[in-house]
Amino acid sequence: MASTVEVASTSTPAAASLLSLDPERQQEFQAKVQRVRKTAAKKNEKLTPGVIYLGHIPGGLHEPQLKEYFGQFGTVTRLRLSRSKKTGNSKGYGFVEFECDEVAKIVADTMNNYLFCERLLKCEFMPPEKVHENLFKGSGRRFRKPSYPAVRRYNRQRSVKEKAKMTRRLLKKERQLRRRLAEEGIDYDFPGFAAQLPQKKKMPPSSDTNMDVSDELPTPECTPAVLRLRKSQPEEAEEKEVILRLPPASQKKTKATRKAEPDKSQEETAALEQQTCKT
């Protein structure tokens, strides 16, 4: 028995350290051992993950829909959809990580320029050296839309103090920017926020010759007490207007003829008196 084992061990390859109890089925036994070893090696082997870039994502697709859709190609380990911090809406691009990089390459070749919801998807395989370590940071957390978006916070009504504080902060940043440009030797002038501020009108210097009496008099105060006093005082009677009415032209002619008739009668009486004196 020992001789048979030694012969079998010398005839079998060095890799075959296990022997079958039945020498006739030694080859079948060795093939099965090699098969089991290969499967164990595949299980112990670590798969290198692959990341793809997705662009032109339609607006109705979010994290659950994308994971379900791309899960039919292979195991999706991580997924990140880029969103706006102000509104929480999708920016239209994202990143998907597959368990195997070979699957990621197949997905990038298959889904690139694929017409999906009236948009051409852009899929590109990202090499491992271009994948940032914080690319999928926070991708495991469930997304919650901001309860108080920055747009509403920025457009809210501010008090006078808050507006003054905001303008001071903007002007300070503008001065720092101009200082940095001057230090770099860049001669560049721009209006900035200072040009948008309402400028105070400069009054011309007043001279004694141009001063009016109305400028020297104090402005009357219009208070409720003054208004009540004015109402209680009796109103002054308005002066009646004198209206001169001229007669029409026909009446003027009749008056002129009446004035001419007594002159003729006087001439006649004077002539009669002269005749009587002659006689």
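Only a predicted model underlies this, so the values are computations on that prediction, with no experimental measurement involved.
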Which distance, rounded to the nearest 0.5 Å, do you find between the [atom1] of [X] and the [atom2] of [Y]?
{"X": "R141", "Y": "E63", "atom1": "CZ", "atom2": "CD", "value": "12.0 Å"}
{"X": "K137", "Y": "R80", "atom1": "NZ", "atom2": "CZ", "value": "10.0 Å"}
{"X": "T77", "Y": "E99", "atom1": "OG1", "atom2": "CD", "value": "7.5 Å"}
{"X": "I106", "Y": "D101", "atom1": "CD1", "atom2": "CG", "value": "10.0 Å"}
{"X": "L170", "Y": "R175", "atom1": "CG", "atom2": "CZ", "value": "10.5 Å"}
{"X": "L135", "Y": "M126", "atom1": "CG", "atom2": "CE", "value": "6.0 Å"}

With a 6.0 Å cut-off (strictly less than), is the heavy-atom count around [atom1] of [X], excluding the residue itself, greater than 12?
{"X": "F116", "atom1": "CZ", "answer": "yes"}
{"X": "D187", "atom1": "CG", "answer": "no"}
{"X": "E129", "atom1": "CD", "answer": "yes"}
{"X": "Q65", "atom1": "CD", "answer": "yes"}

Residues forming a side-chain hydrogen bond (donor to acceptor under 3.5 Å, both in side chains) with E124, sequence neighbours excluded: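 For E124 there are no side-chain hydrogen bond (donor to acceptor under 3.5 Å, both in side chains) partners, ignoring immediate neighbours.
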Specify the closest pair of heavy atoms between [X] and [Y], including all atoms of both residues, with the distance to one decimal.
{"X": "I57", "Y": "L61", "value": "CG2-CB, 4.0 Å"}
{"X": "C123", "Y": "L54", "value": "SG-CD2, 3.2 Å"}
{"X": "K91", "Y": "R83", "value": "CE-O, 3.5 Å"}
{"X": "H56", "Y": "R119", "value": "O-CD, 3.7 Å"}
{"X": "K122", "Y": "N113", "value": "NZ-OD1, 2.5 Å"}
{"X": "F125", "Y": "A108", "value": "N-CB, 3.8 Å"}

Full working for side-chain contact (heavy atoms from CB on, under 4.5 Å) between K172 and Q176: CA-CA 6 Å; K172 183 180 178 181; Q176 291 176 355; 3.6 Å; yes
Just wondering, do R180 and E184 contact through their side chains at under 4.5 Å, heavy atoms? no
Looking at residues at least two apart in the chain, or sitting in another chain, which of them share a ring-ring contact (aromatic ring centres under 6.0 Å, His included) with F73? none
Path from [X] to [Y] over hydrophobic side-chain contacts below 4.5 Å:
{"X": "L79", "Y": "L47", "answer": "no"}
{"X": "M111", "Y": "L66", "answer": "yes"}
{"X": "V131", "Y": "L81", "answer": "no"}
{"X": "Y69", "Y": "V96", "answer": "yes"}
{"X": "V103", "Y": "I52", "answer": "yes"}

Does NZ or CZ of R178 come closer than 6.0 Å to the centre of the six-membered ring of F190, within 45° of the ring's axis?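 Yes, cation above the ring, under 6.0 Å and within 45°.
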Please state whether the rings of F136 and F95 are parallel, tilted or perpendicular, taking 30° and 60° as the class boundaries. perpendicular
How are the rings of F98 and F70 set to each other: parallel, tilted or perpendicular (split at 30° and 60°)?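 Answer is perpendicular, since the angle exceeds 60°.
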Is a side-chain donor or acceptor of S82 paired with a backbone partner of Y93 at a separation under 3.5 angstrom? no
Quick check: does any side chain N or O of H62 sit under 3.5 Å from a backbone N or O of P64, one acting as donor and the other as acceptor?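 No: the side chain of H62 does not pair with the backbone of P64.
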Could you give me the CA-CA distance, side-chain angles and deciding distance for M166 and E162, then say whether side-chain contact (heavy atoms from CB on, under 4.5 Å) is met? CA-CA 6 Å; M166 187 176 178; E162 289 176 344; over 6 Å; no
Hydrophobic cluster mates of L115, side-chain heavy atoms under 4.5 angstrom, ILVMFWY only, any path?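 Via sub-4.5 Å side-chain contacts, L115 links to L120.
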